[in-house]
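These notes concern the structure reproduced below.
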Amino acid sequence: MATSDFEVRTSSCPLDCPDGCSLNVTLRDGRVESLDGNHINPLTAGFICGKVRHFPEHMYGADRVLFPAVRVGLKGSGEFRRVSWAEALELIGTRLAAIRNQHGGEAILPYSYGGSNGWLTQNGTDARLFHRLGASRLARTLCAMPTSTAVAGLYGKMAGVAYEDYPAARLIILWGVNPAVTSVHLAPFIRQARANGSKLAVVDPRRTPFARQADLHLAVRPGTDLAVALSVIHWLFASGRADLEFLSSHARNWERLRERAAEWPFERAAEVAGIEAREIAAFARLYADSRPAVIRCGWGLERNRNGGSAVASVLALPAVAGKFGIAGGGFTMSQSAAWDVDPLAGAAAPAPPTRTINMSRLGEALRPDYQPPIRSLFVYNCNPLATAPEQTKIRAGLTREDLFTIVHEQVLTDTARYADVLLPATTFLEHTDLRRSYGAMIAQLARPVVEPVGEARSNHWLFGELCRRLGLTRPGDPETPDEIAQAIIATSSDRNRLAESFASTGRAIPPCGARPVQFVDVFPGTPDRRIDLCPVALDRAASKGLYSFLPLSSDAFPLSLISPSTSKAISSSLYQLVCETVPVELHPDDAVTRHISDGDEVRVFNASGEVHCTARLNAELRLGVAVLPKGLWARHTLNGQTANALVPDTLTDLGGGACFNDARVEIELVSEPACGGS
Ligand SMILES: Nc1nc2c(c(=O)[nH]1)N[C@H]1C(S)=C(S)[C@@H](COP(=O)(O)OP(=O)(O)OC[C@H]3O[C@@H](n4cnc5c(=O)[nH]c(N)nc54)[C@H](O)[C@@H]3O)O[C@H]1N2
Ligand SMILES: Nc1nc2c(c(=O)[nH]1)N[C@H]1C(S)=C(S)[C@@H](COP(=O)(O)OP(=O)(O)OC[C@H]3O[C@@H](n4cnc5c(=O)[nH]c(N)nc54)[C@H](O)[C@@H]3O)O[C@H]1N2
Ligand code: SF4
Ligand SMILES: [Mo]
């Protein structure tokens, strides 16, 4: 295939997307020309999403960070002076050592999240460095913490229904998930199921592409899923449709769930959720009558004060209704549970007993009066100014003169502009990684396909160098990416097969197989292998107990702002390639009462901040809901603030997660509408 200037190499996509595509990367004259899907991961089926097709523009575009640099302008100005790697590492090593010696390791906060989801780009030499420095620990809560806490409590680790088994289902429920955008490789299986005659129900405040064609769409008020799911559970018990035989042999504490659900007749849930009781009743009947029935639970419903209990109640449904034990029946949440490895094994450094800081409250943690104060922030795999709550507080923190900020990045993000030292990071096509997907049932080992652009270096290299400079390397540490990969694989019960499979094919399916049937091939990872429908730990963790609904406030800010994913970006990654500004969407009736027309300039505001942008009228939203996409950059609005300037840093009921879909706002015209015209 290869000629002197043209070659196709294989890789895999590590972006924070469930699908884990396997890729063909076309190189011309040593540069990446294009990316496309291949069939190594069968789910990829030869196609990829539109955004990753633009990856060469990300690699070679004007925003790419090419060299190490130190700040010369004001913090946030984005003005830097190029330095050598040796100089940058010397500066960072000296400053971190001085901060640790003077103030203790906890004055250093590593801050990382979803940049590359590989086993080698996080929890490796980075964890080794920060653990051995005795740095503050980070609770990684920006996403999936309420869902994973709920799943862990109810089911322990248990793999879910594979995408490939969706066509077997007679009913598919998409609950707070938008696969037409966020996992495009699930979409064909849903379409195939529809062609086989499967019914489709969607629970989402917006009429998403699949909601448009669904048999039933519950357009709930954001944050009210708990009420809806409990009312279905109540009806299942009350009408004799609960599978008591399954519950008595496979579940614990179901009586407690039944008691708590008893407070939720359809009428009460309907009132809270802002829909009709008969809609929920039809939904409940359809679910009870369909087998196999599968619930694809997403992440949209977790990002509010009731999110943890909401996910727990949704995932309790298949247990109560007896939907397990058949291909295409049960639920799908994150498939990370299919892997029984310890991803921290490669760090070879146990976590120190230092304080833990919740990443969703970064703005608070960066306050000068936070005790003891954070003196150095080390950001990698993350763009918190664009992705974490309370943007204005974070910006204030990043502006602190006494904060030493290091950012390791591929592109000059909004966060990177505030760095004191900016370091160029490799992209996934320029370094080795081992990636498991959280939707597709596959892990892939990927080698670099091109030389790094400029002086970009991998996370693995950077943190390994810093360990050496700070004298934190120990004999016997796994050093190379392959040694780290081996250390991780060695923690699996199925280590020999995994090692052999990666060595011979560069990929592996998880120990439970690629298409496990729940309660046939996989069982709850709880101590007694039973589902716990009201785990004590969760019951204690939720402020008013598990499954208790916390009312939503209806104060001076009457609109509910949600910030879902878009097809243009993955969180904030790749959004620099979108040049236009982005509008806030609101329902036409909400616009009329505010004298707002399509295209008007508006301010979206609450007590935390305000965003100036244009308005777009969208009748597919439920009344009272406004949308600004997640992940926008400062350049996408008229005043440089984004949805996260309006998102509170309150935490979810379980797992301490971010409440991105729990923002209350008002929207008004920036200026009076122009007079005259006709
Ligand atoms: N193209 C693209 N794909 C992505 C991403 C991306 O940014 N872009 N992000 C990736 C990441 S990091 C993640 S975590 C996943 C997320 O995948 P999804 O869970 O599908 O994504 P979200 O967009 O967060 O939310 C899904 C839906 O939840 C709805 N929603 C909001 N609030 C509520 C609520 O209270 N209840 C209910 N029932 N629904 C609600 C929204 O309207 C939205 O349609 O997608 C991944 N895939
Ligand atoms: N308003 C609102 N905000 C949200 C959400 C929401 O629903 N609403 N959802 C949240 C969700 S689902 C998530 S997952 C988080 C994600 O939040 P983040 O973790 O901040 O994810 P990204 O925006 O993708 O930013 C990742 C950054 O890491 C960089 N990067 C990628 N690979 C590497 C690497 O190998 N090394 C280094 N050093 N850098 C790398 C990328 O260039 C990118 O700038 O955002 C959350 N933010
Ligand atoms: S972002 Fe998702 S759909 Fe797009 S290439 Fe990566 S894994 Fe595939
Ligand atoms: Mo996420």
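Atoms within a ligand are numbered from 1 in the order they appear, just like the ligands themselves.
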**OP:** Please check if any side-chain donor atom of Q391 sits under 3.5 Å from a side-chain acceptor atom of T642, or the reverse.
**Re:** yes

**OP:** Looking only at protein heavy atoms, identify the closest one to atom 8 (Fe) of ligand 3 and say how far it is in Å.
**Re:** C21 SG, 2.3 Å

Subject >> Sub-4.0 Å atoms of ligand 2 with respect to non-hydrogen atoms of T413 >> reply: 44 (O)

Original post:
Does any donor atom in the side chain of K630 or T387 lie under 3.5 Å from an acceptor atom in the other side chain?
Top reply: no

**OP:** Look at atom 38 (N) of ligand 2 and find which of H408, Q391, R303 reaches it with the closest heavy atom.
**Re:** H408

Original post:
For atom 10 (C) of ligand 2, what's the nearest protein heavy atom and its distance?
Top reply: F660 CE1, 3.6 Å

Original post:
Looking at E620 and R206, does any basic side-chain N land under 4.0 Å from a carboxylate oxygen?
Top reply: no

Original post:
Can you tell which of D126, T121, N381 gets a heavy atom nearest to atom 34 (C) of ligand 2?
Top reply: N381

**OP:** Under 4.0 Å from a heavy atom of A425: give me the atoms of ligand 2 that qualify, with their elements.
**Re:** 36 (N), 37 (C), 38 (N)

Original post:
Is it the case that T332 and Y166 place a side-chain donor and acceptor less than 3.5 Å from each other?
Top reply: yes

Subject >> Residue, atom name and distance, where the atom is the protein heavy atom closest to atom 32 (N) of ligand 2 >> reply: S116 OG, 2.8 Å

Subject >> Residue, atom name and distance, where the atom is the protein heavy atom closest to atom 21 (O) of ligand 2 >> reply: S571 CB, 3.9 Å

Original post:
Should the pair F55 and F428 be assigned to parallel (<30°), tilted (30 to 60°) or perpendicular (>60°) ring geometry?
Top reply: tilted

Original post:
Can you find an N/O atom of S572 closer than 3.5 Å to an N/O atom of ligand 2?
Top reply: yes

**OP:** Give the numbers and elements of all ligand 2 atoms closer than 4.0 Å to a heavy atom of Y380.
**Re:** 38 (N)

Subject >> Residue pair N178, S565: steps toward the side chain to side chain contact (heavy atoms under 4.5 Å, CB included) verdict >> reply: CA-CA 8 Å; N178 183 17; S565 310; over 6 Å; no

Original post:
Is the closest side-chain heavy-atom distance between V627 and N618 below 4.5 Å?
Top reply: no

Original post:
So among E430, E409, E57, which one has a salt bridge (Lys or Arg N to Asp or Glu O under 4.0 Å) with R64?
Top reply: E430

Subject >> Atoms in ligand 2 flagged as close to C143, the criterion being non-hydrogen separation under 4.0 Å >> reply: 11 (C), 12 (S), 13 (C), 14 (S)

Original post:
Any idea which protein heavy atom is nearest atom 14 (S) of ligand 2, and the distance to it?
Top reply: D16 OD2, 3.3 Å

Original post:
Which ligand 3 atoms, with their elements, are less than 4.0 angstrom from a heavy-atom of I48?
Top reply: 5 (S)

Original post:
With distance as the sole test, does N644 use its side chain to make a donor-acceptor pair with the main-chain N or O of V647 at under 3.5 Å?
Top reply: no

**OP:** Would you kindly say whether N117 and D16 are connected by a side-chain donor-acceptor distance under 3.5 Å?
**Re:** yes

Original post:
Which of these, L89, N459, I92, V407, sits in a side-chain contact (heavy atoms from CB on, under 4.5 Å) with L423?
Top reply: I92

Subject >> Residue and atom name of the nearest protein heavy atom (relative to atom 9 (N) of ligand 2), distance in Å to one decimal >> reply: K630 CD, 3.4 Å

Original post:
Of the backbone and side-chain N, O or S atoms of C17, does one lie nearer to atom 4 (Fe) of ligand 3 than 2.8 Å?
Top reply: no

**OP:** Give, for atom CZ of F378 and atom CG of L466, the distance between the pair rounded to the nearest 0.5 Å.
**Re:** 5.5 Å

Original post:
From F189 CZ over to S183 OG, what is the distance, rounded to the nearest 0.5 angstrom?
Top reply: 11.0 Å

**OP:** Name the closest protein heavy atom to atom 19 (O) of ligand 2, giving the residue it belongs to and the distance to 0.1 Å.
**Re:** G114 N, 2.8 Å

**OP:** Can you pull out the closest protein heavy atom to atom 6 (Fe) of ligand 3? Residue, atom name and distance to 0.1 Å, please.
**Re:** C13 SG, 2.4 Å

Original post:
Quick one: does C382 get an N or O within less than 3.5 Å of an N or O on ligand 2?
Top reply: yes

**OP:** Report the nearest protein non-hydrogen atom to atom 24 (O) of ligand 2: residue, atom name, distance rounded to 0.1 Å.
**Re:** S573 OG, 2.6 Å

Original post:
Any N or O on N383 sitting closer than 3.5 Å to an N or O of ligand 2?
Top reply: yes

Original post:
Looking at H636 versus Y575, is the centre-to-centre ring distance below 6.0 Å?
Top reply: yes

Original post:
Is the closest basic N to carboxylate O distance between D36 and R53 below 4.0 Å?
Top reply: yes

**OP:** Nearest heavy atom to atom 4 (Fe) of ligand 3 wins, so pick from A440, S567, G20, C49.
**Re:** C49

Subject >> Within-cut-off N or O pair, E409 and ligand 2, under 3.5 Å >> reply: yes

**OP:** Identify, by atom number and element, the atoms of ligand 2 in contact range of I570, meaning under 4.0 Å from any of its heavy atoms.
**Re:** 24 (O)

Original post:
Among T387, N644, N459, whose heavy atom sits nearest atom 1 (N) of ligand 2?
Top reply: N644

Original post:
So which heavy atom in the protein is nearest atom 8 (N) of ligand 2, and how far is it from that ligand atom?
Top reply: S563 OG, 2.8 Å

Original post:
Which atoms of ligand 2 have any heavy atom of H431 under 4.0 Å away?
Top reply: 35 (O)

